[in-house]
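Have a look at the structure below, then the notes.
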Protein chains: 2
Amino acid sequence: MPHHDGAPVRLAVSTVIFALRPDHTGLPVLWTPLVRRTVEPHLGLWALPGGWLPPNEELEAAAARTLRATTGLAPNYLEQLYTFGEVDRSPDARVVSVVYWALVQSDEAAQATAGPNVRWVPADTMPGLAFDHNRIVEYALWRLRTKVEYAELAHALLGATFTLAELREVYEVVLQRRLDPANFRRTMIASGRLRETGEHVSGAPHRPPKLYRYETAASTAQTREPFMKERPAS
Amino acid sequence: MPHHDGAPVRLAVSTVIFALRPDHTGLPVLWTPLVRRTVEPHLGLWALPGGWLPPNEELEAAAARTLRATTGLAPNYLEQLYTFGEVDRSPDARVVSVVYWALVQSDEAAQATAGPNVRWVPADTMPGLAFDHNRIVEYALWRLRTKVEYAELAHALLGATFTLAELREVYEVVLQRRLDPANFRRTMIASGRLRETGEHVSGAPHRPPKLYRYETAASTAQTREPFMKERPAS
DNA sequence: CCAAAAGTGTTGCAGGTACACCCATGG
DNA sequence: CCATGGGTGTACCTGCAACACTTTTGG
């Protein structure tokens, strides 16, 4: 049991970042960027992007800054996740970490910065991370999957326009189950939050789907998201 | 705009405590205890119970301790609410507050400690509080009302045994609407989480209701957040 | 023409709501 | 025996799962 009676509590900010990218089979899965630690403790291990909280910076601004420093991207979605403060979560000092979670657009994420000290990994095959960061990622995934407002999540992970199949794919990845395309379509249209752009996607070998965008009006904020059941395997 | 470049960030823990107590008309409403500030800043104003985080104390333990110091009660339910860290939320220093929310049993709360520096107020008629504490209480109320697991809330606010009418009363206060007694009964029984004690309440001027207790849930644990620990021992 | 994805129609079931009605007790 | 809350029965209504079906394109 470490004793930190003399030293003050130090405050850090970290961020779990999610983006939708295809895995080796071409199917989209959730990826998250990690950074390699260049100082002790846990030198050389992979960890969540983050840093000490500067006295004059807002918590969320600090999270957005570390996110940009890592991925070069601006978050479409940024929300406080939880504050982790176990006495022994860091070996040397007492460190309390305010953790945020962020979503970035998939098309931008495709050309995200990477380097020897930055690495994107699928969220479900996370390596051993520094500190309690594995637990933090677990919790972020749990929050992502139990989040009620899926519409907002999908919006943040996709670009401005998308097909209903792409939107459904987001739901399927996050919820980890197949959804019936027919019922999904009706549910989404009925929510009133989608608008047709009038355009279609061509070039694909089948019937060209319509493109949609999200309604910008924030007037439909109280609608509850439906609970969808599994589609039987074909 | 305050500048805190030299001074370190300080970390505090506060708690919003809810209990069910009758108001002046006898109807149960949510009450919350406040403490009067005895030091600057905001000397003399009412505020949430809390204090600085000691380097060797867990966050949740610190919340439980301040709760006990204020009300003399042990929390039935204690959960992290949010971390508030705006640069200018405290006039002098940069203070980041990890805020918890707690529920205490109504029958214990009825004989809770009070004094010149402790005051219980109905949660919907909160006076002007120190710092950003009014906003914090607002947020705690929102979380209480949008919480999915009402069963756990009701369990925490009531004692070990209760009638279905008492349980319904909790739901009505939290949800802020009347519920059909007949349907409420069926829904609760169907949930499988209630057990009859075999006892009845007598003395009331009508048909004596049955007493129930909550199932000691071992099978209903999967909805719980992954890493959440059991509530602290008093 | 064929394969496959886009998109439509329809039915049945589950869960919730409304409300009529019987039961038990103190005054 | 009456008023009132405890407790049961039941019909209706809404929303979604299931799945059959039609439409539209590229090859």
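Keep in mind that the numbers below use all heavy atoms, side chains included, and drop hydrogens, waters and symmetry copies. In the text below, chain A, chain B and the rest are named by the order of the sequence lines, each starting its count at 1.
- Put simply, OH on Tyr212(B) is 11 Å from P on dG6(D), counting in whole angstrom units.
- Smallest separation of non-hydrogen atoms from Leu81(B) and Ile136(B): CD2-O, 4.1 Å.
- Under the 30°/60° scheme for interplanar angles, the aromatic rings of Tyr139(B) and Tyr82(B) are found to stand perpendicular.
- Between Arg89(B) and Asp132(B), the shortest heavy-atom contact is NE-OD2, 2.8 Å.
- In terms of polar N and O atoms assigned as donor or acceptor, the side chain of His206(B) never comes within less than 3.5 Å of the base of dT25(C) in a complementary pairing.
- Sequence order on DNA chain C of the closest nucleotides to Leu164(A) and Pro205(A) puts Pro205(A) first from the 5' end.
- One can place CZ of Arg168(A) at 12 Å from C1' of dG7(C), the figure rounded to the nearest angstrom.
- Between Asn183(B) atom CG and dG6(D) atom C1' there is a gap of 15 Å when expressed in whole angstrom units.
- For the pair Tyr171(B) OH and dG16(C) P, the computed distance is 12 Å after rounding to whole Å.
- If you check distances only, the side chain of Arg186(B) never reaches the base of dG7(D) with a donor-acceptor pair under 3.5 Å.
- The residue Ala182(B) sits close to a base: some heavy atom pair falls under 4.0 Å.
- As a whole-Å value, the separation of Leu167(A) CG from dG7(C) C1' is 15 Å.
- Contact check, Arg185(A) against dG7(C): a side-chain N or O comes under 4.0 Å of OP1 or OP2.
- For the pair Met188(B) CE and dG15(C) C1', the computed distance is 13 Å after rounding to whole Å.
- The side chain of Lys210(A) approaches dG7(C) more closely than any other nucleotide in the set dT17(C), dG7(C), dC19(D).
- In terms of position along DNA chain C, the nucleotide closest to Asp180(B) lies nearer the 5' end than the nucleotide closest to the other residue of the pair Ser202(B) and Asp180(B).
- If you measure from atom CZ of Arg177(B) to atom P of dT17(C), you get 6 Å, rounded to the nearest angstrom.
- In this model, a donor atom of one side chain and an acceptor atom of the other lie less than 3.5 Å apart for Thr83(B) and Thr83(A).
- Ring orientation note: the planes of Phe184(B) and Tyr171(B) are nearly perpendicular, at an angle over 60° on the 30°/60° scale.
- His200(A) has its NE2 atom 14 Å from the C1' atom of dA5(C), to the nearest Å.
- A donor N or O paired with an acceptor N or O is not found under 3.5 Å between the base of dA24(C) and the side-chain atoms of Arg207(B).
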